[in-house]
Amino acid sequence: MTAASDSWTIASAADAARVRALLARLTADAGVPSPDRARFLAALGSRLRRSLGEGCTELTVTAESVGPDGSDGVLRVVLDGPEPWQHTLACPAPVAGPLPGPGDAGLAEALLDADEAAAGLLAHLDETEELVRFHREELHQTNQGVLALHAELEAAALAQREHLEAERAARAEAENARRLLTFLADASAVLNASLDHEDILRRLPGLLVPEYARRVDIWLVDDEGAPPGARAAATVTAARTGRPQHAGTHPGGLPGVDDLPASALSPDRPLLCLPLGARTVRGVLTLAAPGDRFDADTTVMLLELARRAGIALDNAHAYEQHRDVAEALQRAQLTELPDTPGLALAARYLPATHGLNIGGDWYDAFPQPDGSVLTVIGDVTGHGLRAAVIMGQLRTALRAYAVEGNGPARILTLLHRMLRHQEPELYATCAIARFSPGEPGVVWAAAGHPPAVARGPGGEVRVLDARPGIMLGVPMPYEYEEYTLDLPTGSTLALYTDGLVERRSAGIDAGIDRLARAMGALGALELEDLDAAADSVLKPMLHDSEHDDDICLLLCRTTEDGTQE
């Protein structure tokens with residue numbers, strides 16, 4: 001490290017100007033940047049002006065080379081006086097010694113040097129200002145880009161929020177639609193499970209309250225086409241026009257529904273009045289809203305439910321009419337049992353308690369020209385009015401074949417031939433027993449029918465297990481066989497249809513065994529009264545009181561004189 005030092009006494013402004021000019025040249029030669037040089041010279045000038053007011057001042061300048069290779073320099077300035085001051089200035093280049101004295105520079109040259117330094121500083125400031133202006137413009141453009149990006153991000157976030165809200169709303173709407181469709185399917189299954197219109201009407205409130213209605217009223221239409229009793233105007237309008245009506249303080253605006261003023265019967269909640277019936281209005285389903293209003297989607301579901309309930313009611317009404325006609329026809333064709341010497345008879349007919357299984361079972365008993373009595377039990381496959389009609393035709397044909405003197409087997413063969421040609425898709429079972437006066441036994445034949453059960457006078461019971469033959473009407477030729485059963489006086493023969501012994505929960509064999517036990521359990525009093533015996537046999541057979549099929553039971557008891565006590 002090399003160093004050069006010199007001191008000067010400053011006694012006047014001229015001395016101060018020369019010293020300042022000297023230091024301006026030294027710092028310029030040492031490569032001190034203009035801003036740093038200007039700051040240094042300004043600070044020095046300020047100190048020199050203050051020192052001149054205080055008397056002579058000594059100023060010492062020391063220049064040093066620093067760094068490993070001496071490529072950098074340091075300039076130290078010390079000003080002695082009442083207020084000492086010193087300043088150290090780093091120089092990019094070393095300051096060469098020896099230091100020149102301030103007297104070497106004239107005042108004019110010092111002024112020119114100052115102007116040159118000021119010009120350099122101003123040029124530097126211009127460059128800096130241009131650079132600042134450039135960076136300011138870049139910053140402005142960057143800010144504009146940031147603002148635009150921020151706006152785009154906000155728009156994207158808003159679009160994403162809207163998309164999420166739309167997706168959430170769509171998912172909620174789909175879930176609500178699924179829930180409504182599931183309820184509609186389940187409710188339809190419940191309504192269609194019954195063919196009893198009263199049962200259907202009883203089920204509706206339980207399905208709708210409390211989720212879809214606070215209260216449910218069902219008004220049935222009378223013969224004049226209007227619901228009876230006190231009713232809301234909307235209910236009457238729905239019954240007369242067949243159109244759904246909404247009654248509330250404010251219009252509902254519901255799809256497919258007309259708006260009416262609020263009802264005095266429900267001033268606090270709107271009413272929805274839905275006609276019931278597919279072809280004709282059979283009633284009006286009146287719903288009080290579960291809340292302040294009816295939802296549009298829920299209303300669409302309720303309209304469809306009312307339509308399906310109307311179809312279920314129409315089906316129940318048609319079924320009941322069909323059932324009543326079939327049962328009336330069935331009962332009209334049941335025979336009044338003859339009073340025949342040597343034979344006591346008792347019969348029971350019970351229609352099915354539910355379903356369409358009515359109209360195919362029958363019993364018959366009639367005397368022959370030779371004095372014998374023909375007892376018949378039969379069952380036509382299929383049910384309803386058509387089965388009742390076919391049953392009547394078989395009954396008539398059977399009597400006609402019997403009048404010609406044919407025995408049980410021949411009668412069945414002729415019936416089989418007739419049914420096979422006239423009703424190829426319909427079948428029947430039948431059992432015929434002929435009781436002849438003066439003969440202890442009975443001649444019988446069966447076509448696919450459950451076996452008869454015989455009870456001897458001593459209480460012994462047997463099931464007739466002979467081959468019953470095929471059903472009547474099966475598409476194949478067939479000749480039936482006759483069998484003879486010994487029935488002493490006091491014996492009872494039970495002919496019946498499968499509805500008596502067959503249940504869904506158990507096979508037919510279990511039912512036949514139960515019938516045999518019921519026959520064996522008959523007491524003395526019941527044997528004296530064959531009608532009481534029939535009731536006693538039915539009681540254990542129908543303990544559940546529900547049966548899906550018609551039931552026919554024909555009891556035949558051989559007696560001494562044929563009279564019933």
Side-chain angles (χ1 to χ4, degrees), residues 330-340 342-352 359-368 372-380 388 391-392 394-395 398-399 402 408 411-412 415 428-436 441-456 461-464 468 472 483 485 487 490-502 508 511-512 514-516 518-519 522 526-527 529-542 547 549-559 562-564:
Q330 173 89 350
R331 290 189 179 279
Q333 297 187 92
L334 295 178
T335 303
E336 184 178 348
L337 298 177
D339 186 6
T340 304
L343 183 66
L345 300 172
R348 293 290 185 273
Y349 168 73
L350 301 175
D361 294 18
W362 91 95
Y363 65 84
D364 199 359
F366 54 90
Q368 294 288 82
S372 63
V373 175
L374 222 60
T375 58
V376 183
I377 197 82
D379 186 2
V380 178
M391 178 270 290
L394 287 176
R395 174 180 175 275
L398 188 150
R399 284 198 172 210
I411 292 173
L412 291 177
L415 287 176
T429 66
C430 186
I432 303 175
R434 184 178 65 192
F435 295 87
S436 299
V442 60
V443 178
W444 64 278
H449 203 78
V453 176
R455 183 186 189 279
V461 178
R462 59 177 295 193
V463 178
L464 306 189
L472 299 175
Y483 304 91
L485 173 66
L487 279 182
S491 299
T492 303
L493 182 69
L495 304 175
Y496 56 92
T497 56
D498 57 358
L500 181 66
V501 294
E502 192 171 24
I508 192 172
I512 294 174
R514 192 164 65 251
L515 174 62
M519 291 287 290
L522 292 176
E526 293 163 333
L527 291 175
D529 185 349
L530 203 56
D531 281 322
D535 293 335
S536 296
V537 169
L538 288 177
K539 186 175 181 180
M541 302 301 295
L542 302 178
H547 48 95
D549 201 355
D550 288 8
I551 291 176
C552 277
L553 173 65
L554 179 60
L555 296 182
C556 312
R557 189 173 76 232
T558 56
T559 63
T563 60
Q564 285 186 267

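Side-chain atoms are counted along with the backbone in the values below, which use heavy atoms only and exclude waters and symmetry mates. It should be emphasised that the depicted structure is a prediction, and the values quoted were computed from it without experimental measurement.
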Q.
When you measure from the side chain of S372 to the backbone of R434, do you find a donor-acceptor pair of N or O atoms at a distance under 3.5 Å?
A. no

Q) Is a side-chain donor or acceptor of H449 paired with a backbone partner of A428 at a separation under 3.5 angstrom? A) no

Between [X] and [Y], what is the shortest heavy-atom contact and its length?
X    : Y    : result
V442 : A433 : CG2-CB, 3.8 Å
A365 : R399 : O-NH2, 4.0 Å
L412 : A447 : CD1-N, 3.9 Å
R514 : P540 : NE-O, 3.8 Å
C556 : L345 : SG-CD2, 3.7 Å
A344 : L530 : O-CD2, 3.4 Å

Passing option when [X] is tested against [options] for side chain to side chain contact (heavy atoms under 4.5 Å, CB included):
X    : options          : result
L493 : T558, L485, L555 : L485
F435 : L487, V443, T340 : L487
I432 : L398, T375, D364 : L398
T429 : I377, V380, D379 : D379

What is the distance from atom [atom1] of [X] to atom [atom2] of [Y], rounded to the nearest 0.5 Å?
X    : Y    : atom1 : atom2 : result
W362 : M391 : CH2   : CE    : 7.5 Å
D531 : L337 : CG    : CG    : 8.5 Å
L538 : L500 : CG    : CG    : 6.5 Å
L374 : F366 : CG    : CZ    : 4.5 Å
L394 : C430 : CG    : SG    : 8.0 Å
M519 : L515 : CE    : CG    : 6.5 Å

(Q) With side-chain contact (heavy atoms from CB on, under 4.5 Å) as the criterion, how do Y349 and T497 come out once you've worked through the C-alpha distance, each side chain's angles and the decisive distance to 0.1 Å? (A) CA-CA 10 Å; Y349 168 73; T497 56; over 6 Å; no

